[in-house]
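In this text, all values refer to a predicted model and were calculated from it rather than measured experimentally.
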Amino acid sequence: MQLLSKTPFLSKSPFLFKILLFLALITAFTAPARAVLYIDITNGSAEPLPIALPDLTGSGTGADIMRVVWSDLEHSGLFKPLPKESYIEQITGDTQTPRFADWRQISAAALVTGSATESGDKIRVAFRLWDIYGEEQIAGKEYNTFKSNWRRIAHIMADEIYSRLTGEKGYFDSRIVYVAESGPETHRIKRLAIMDQDGENHKFLTDGRFLVLTPRFSPNSQEILYMSYASRQPRVYLRDLQTGREESLGAFEGMSFAPRFSHDGNSIVMSIAQGGSTQIYKMDLRNRRLIKLTSGNGTIDTSPSYSPDGARIVFNSDRGGSQQLYTMTADGGNVQRISFGEGRYGTPVWSPRGDQIAFTKISGGKFYIGVMRPDGSGERLLTESYLDEGPSWSPNGRVIVFHRQSPSSRGHAGSTRLYTIDITGRNLRELITPMDASDPAWSPLLPL
């Protein structure tokens, strides 16, 4: 039988990473992989799946790739990579059928084998995923690309393994944009920064001369919206991540802020403060036409976020006397309040699945990150601290990233760091950044 099909080499551009992925020999059973080996990720107390991840054979890059795969899977909280010194069988090639009994003896439920072969500046990576107790191969793929893309290949491999064993899409081949902060409390320097979801490939997008806030990704991950004081008046800007080109999206009488893309990327919603009130507007990016969606004297309507199908918008408003969450149709109709718990609610963001809305809650002098259904039912608080704020969803709607600030001390700003947490409320982890960090936004999966 043929193990793998070769694919064309990929574009060297990290933004136009034209990768063609071929599904390789999957054994001839017709049931999906999860029918044989499956992690029930709906259970908040699920034990991590023991998985063996030997280095890819063939080149030193293979070991580097598997270190990233190991880290991705372990940090998800759903997998338990087994220590390499426990392995009984030594894998020597990507065509080798494993001795399943040897892997069962060390309690491995799944095994990944494969190879990495270099030729000049190109690399071919092939892997198989095995169900140890079912004694079946349940996935196999090959990737041909430039060697400089090895880290992204690792994330794509981890996504494939995650997907096969959970039944859901992965989230590792994605990026996070955020506001990098430095300096004293009275003179904070804030720059836009971007990195892979694991903190690698970090770079700054702005130089810190102007205050920037609330960056947000486009649906294709190639553009971001953000608010900047570059023109001395707070305005919303659009930046192309490939070319570095940026432009202001209008000079209004009042400040414009809190922007987000629509589900198709053709329009945005944002808040504009004018005449003592703040209202939500929609702008068509193709013709710059502006449509007012909310109204009210002296009210503050802000932080709009589209549902994945673009049919509805969630936002926070003080129209009822305190800051609460509301939904409306995409044209501004049928406004309904959905938050009724104690305290104030803000920064709502719709899950990419459409089944949950994440939010910040302020109650009893503490901040919380929580989730609720779009009708307001099923509210659950996932975190609690001095200041937790600004949730953003992973591409698969499984994990939330947010920022956490510690109290100020003796004129020094408290540290502000990024954290991730699973929607079950488990697996809280700090996402390491070079300096203080706030306002994170998680990209969709990167284009292939």
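- Pairs passing the ring-ring contact (aromatic ring centres under 6.0 Å, His included) check and including a residue from residues 283-312, sequence neighbours excluded, do not occur.
- When atom types are taken as modelled, the side chain of Thr294 and the backbone of Ile280 share a donor-acceptor pair closer than 3.5 angstrom.
- Partners of Tyr326 according to the ring pair (Phe, Tyr, Trp, His ring centres under 6.0 Å) rule, which considers only residues two or more places apart in sequence or in another chain, are Phe315.
- In terms of the side chain to side chain donor-acceptor pair (under 3.5 Å) criterion, residue partners of Ser303 (sequence neighbours excluded) are, by chain and number, Asn316.
- Under the 4.5 Å side-chain criterion, counting only non-hydrogen atoms from C-beta, Val69 is not in contact with Val112.
- For Thr347 and Thr360, the side-chain atoms include at least one donor-acceptor pair closer than 3.5 Å.
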Under 3.5 Å, which donor-acceptor pairs link side chains of residues 438-448 to any protein atom two or more places apart or in another chain?
| residue | atom | partner | partner atom | Å |
| --- | --- | --- | --- | --- |
| Ser438 | OG | Glu181 | OE2 | 2.5 |
| Asp439 | OD2 | Thr214 | N | 3.1 |
| Trp442 | NE1 | Ser174 | OG | 2.8 |
| Ser443 | OG | Arg175 | N | 2.9 |
| Ser443 | OG | Arg175 | O | 3.3 |

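- Here salt bridge (Lys or Arg N to Asp or Glu O under 4.0 Å) pairs that include residues 306-318, with residues two or more places apart or in two chains, number zero.
- Checked against side chain to side chain donor-acceptor pair (under 3.5 Å), Trp393 has no partners two or more places apart in sequence or in another chain.
- Partners of Arg239 by salt bridge (charged side-chain N to carboxylate O under 4.0 Å, His left out), not counting sequence neighbours, listed by chain and number: Glu246.
- Within the model, atoms CD of Gln324 and CZ of Arg344 stand 10.0 Å from one another, a figure rounded to the nearest 0.5 Å.
- With sequence neighbours left out, Lys80 forms a salt bridge (charged side-chain N to carboxylate O under 4.0 Å, His left out) with no residue at all.
- Using modelled atom types and a 3.5 Å distance limit, the side chains of Gln336 and Thr327 yield no donor-acceptor pair.
- Remark: Arg288 pairs with Glu247 by the salt bridge (charged side-chain N to carboxylate O under 4.0 Å, His left out) rule, at least two apart or across chains.
- Among pairs with a residue in residues 65-75, those fulfilling salt bridge (Lys or Arg N to Asp or Glu O under 4.0 Å) read Asp64-Arg67, at least two apart in sequence or across chains.
- Under 3.5 Å, the side chains of Arg373 and Ser377 contain a donor-acceptor pair of N or O atoms.
- Inspection of the Asp301 and Ser317 side chains reveals an N or O donor paired with an N or O acceptor under 3.5 Å.
- Residue pairs satisfying the salt bridge (Lys or Arg N to Asp or Glu O under 4.0 Å) criterion with at least one member in residues 376-395, sequence neighbours excluded, are listed as follows: Lys361-Glu379, Lys366-Glu384, Asp388-Arg404.
- For residues 204-229, the set of pairs meeting the salt bridge (Lys or Arg N to Asp or Glu O under 4.0 Å) definition, not counting sequence neighbours, comprises Asp207-Arg209.
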